[in-house]
There are 2 protein chains.
Amino acid sequence: MGNLPSLTSAEENYLKCIYHLSGGGKMLVSTNGIAAEIQTKPASVTDMLKKLQKKQVIDYYKYKGVNITRSGKLVALLIIRKHRLWEVFLVEKLGFHWDEVEEIAEQLEHIRSINLINKLDHFLGYPRVDPHGDPIPNEDGIIESKPKILLAKLTQDKEARFISVKNTSPIFLQYLDKLGLHLGSDLKVLDRNEFDHSLQIMINQGSTIFISRDVAENILVSEQ
Amino acid sequence: MGNLPSLTSAEENYLKCIYHLSGGGKMLVSTNGIAAEIQTKPASVTDMLKKLQKKQVIDYYKYKGVNITRSGKLVALLIIRKHRLWEVFLVEKLGFHWDEVEEIAEQLEHIRSINLINKLDHFLGYPRVDPHGDPIPNEDGIIESKPKILLAKLTQDKEARFISVKNTSPIFLQYLDKLGLHLGSDLKVLDRNEFDHSLQIMINQGSTIFISRDVAENILVSEQ
DNA sequence: TATGCTTTTTAGGCTAATCTAAATAATCTA
DNA sequence: TAGATTATTTAGATTAGCCTAAAAAGCATA
Ligand SMILES: [Mn+2]
Ligand SMILES: [Mn+2]
Ligand SMILES: [Mn+2]
Ligand SMILES: [Mn+2]
């Protein structure tokens, strides 16, 4: 029942980043890893880690790395909830394209209001996933996600559904659009090139395309 | 066609405040006036005025006061546009009550995006006024407002329509609800008490209520 | 117009979030 | 396992936005 600590926007961004890098709290995260992700300097990260430690959302082991705490995980999930619900709003209600919403949701996720996000959730009809296929945590921070694997690791000739993207940068999403790869498409690996790990893919039992390893490692599919 | 300066959230709040206090750019605004409005210290205001001066959104005359510049006025109107459109969204789409939206809109007005606000405007059906009856500036910062007067100054026995509120604090708006005073109501001053300037008001040709001078000075009506 | 009150600015400090440069700890490798 | 290399932290600055206390400017009025 302990109240959640209140964080600044910068602290929220760091915590969310730590949550993602730790694979949802499973792994130790490094200072340089965070710095690379947030696009800041390691020295700035160290400063911030001390603040987050003080607020008890992370366990910080000097020179070793950080773990997200139980309450930190909940705080992170509630920020992610806001981020993803706003993304749904932007795409479903305002007509934004899926490659345009990241930047705006990055700001909207920090709006503070007890009621706002739950009313937004209701208004949107309690969506389960955001425009990138990522699951939306509920009010209690509980997230239900189906098992998914990287397209790069999909067994050859096995059908799978394009469920979500790992990378949400405009340049990647626009490239997927150009390739004709959309969330929900049925995909099958027809051929795998051992030299460069590029793949030949069939989309919806129809057209076939070639994609590089880089692309295949940013697409998540659910088997069968 | 000079580009508009980019302001921090704090700078935006100050500029909007100066716009309001100056009556839309007509009057010189004082340091203490701003401090009282923003709930900060005069010394902090002086610091901020220097920053706003540097960004050319105000003309600052030391020890005299500040005027908003042409570009400052446009910037302020675009912030006000965002504030009011978000308020409409919160009330019309999410079901908030008119006394709950100020605080949230105060945050949402600072979200940066070239497209967001125009898409929101479209989604909302290009509303003309916000939930407090205040007119919404268009993309170019142009505002069309009908002539309105304080209920406190309305001629006795003359019908007028309740158009907007000057004060948007929850406590005032809740009191109006309790009194049965809603935007759009027809009001008529039946009696005016010269001692304390309280008024007897008839609402929609029906019930009559007594209101204090303080209330009457925060209600705007359009005659006829 | 001198004097005192009010308003405003200045001076100096604080915190949050960033940075660069230097120091130190951890890890890799020969 | 001793260096070398890499990762991380510390030290010391900077900027934005705020503060208090003190100085200075403006004004009111007798
Ligand atoms: Mn963010
Ligand atoms: Mn997303
Ligand atoms: Mn604001
Ligand atoms: Mn309003």
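Below, chains carry the letters A, B, ... as their sequence lines are ordered, and counting in each starts from 1.
Contact check of residues 33-43 of chain A against DNA chain C (heavy atom, cut-off under 4.0 Å) returns A:T40, A:K41, A:A43. Proximity of residues 4-25 of chain A to DNA chain D (heavy atom under 4.0 angstrom from any strand atom) is not detected for any residue.
Ring centroid separation for the pair B:F89 and A:F89 comes in under the 6.0 Å cut-off.
Under a 4.0 Å N-O distance rule, the pair B:R213/B:E217 qualifies as a salt bridge.
Of the N and O atoms on the side chains of A:D130 and A:H83, not one donor lies less than 3.5 Å from an acceptor on the other residue.
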| What's the verdict on side-chain contact (heavy atoms from CB on, under 4.5 Å) for B:L173 and B:H132, showing C-alpha distance, side-chain angles and the deciding distance? | CA-CA 9 Å; B:L173 299 178; B:H132 310 107; 3.8 Å; yes

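OP1 or OP2 of D:dA7 has not a single side-chain nitrogen or oxygen of A:S30 nearer than 4.0 Å. Residue A:N32 places at least one side-chain N or O under 4.0 Å from the OP1 or OP2 atom of D:dT8. At C:dT10, none of the side-chain N or O atoms of B:Y63 fall inside 4.0 Å of OP1 or OP2 (strictly under the cut-off). For A:S44 and C:dC19, the shortest distance from a side-chain N or O to OP1 or OP2 is below 4.0 Å.
Look at CG on B:L49: it is 11 Å from C1' on C:dT9, rounded to the nearest Å. Nucleotide C:dT8 holds its P atom 17 Å from the CE atom of B:M48, rounded to whole Å. Atom NZ of A:K51 is separated from atom P of C:dT15 by 11 Å (rounded to the nearest Å). A straight line from NZ of A:K50 to C1' of C:dT18 spans 14 Å, rounded to a whole angstrom. B:K54 has its NZ atom 8 Å from the P atom of D:dA16, to the nearest Å.
The cationic atom of B:K93 (NZ for Lys, CZ for Arg) lies less than 6.0 Å from the six-membered ring centre of B:F123 and within 45° of the ring axis. By the 6.0 Å and 45° rule, A:K73 does not stack over the aromatic ring of A:Y19.
Across all strands shown, B:T46 has heavy atoms under 4.0 Å from base atoms, whether or not it also approaches the sugar-phosphate. Counting non-hydrogen atoms under 4.0 angstrom, B:K62 reaches the backbone sugars and phosphates but no base.
Side-chain proximity of B:D47 to D:dC18, C:dT9, C:dT10: nearest is D:dC18.
In the displayed structure, B:H122 atom NE2 is contacted under 6.0 Å by at most 12 heavy atoms of other residues, nucleotides or ligands.
Between B:K166 and B:L150 there is a side-chain heavy-atom pair separated by less than 4.5 Å.
The pairing partner recorded for C:dG12 is D:dC19, the criterion being a Watson-Crick or G-U wobble arrangement whose two distances lie under 3.5 angstrom.
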Donor-acceptor pairs under 3.5 Å, side chain of residues 30-50 of chain A to any protein atom, not counting sequence neighbours: which ones?
from	atom 1	to	atom 2	distance (Å)
A:S30	OG	A:G33	N	3.0
A:T46	OG1	A:P42	O	3.3

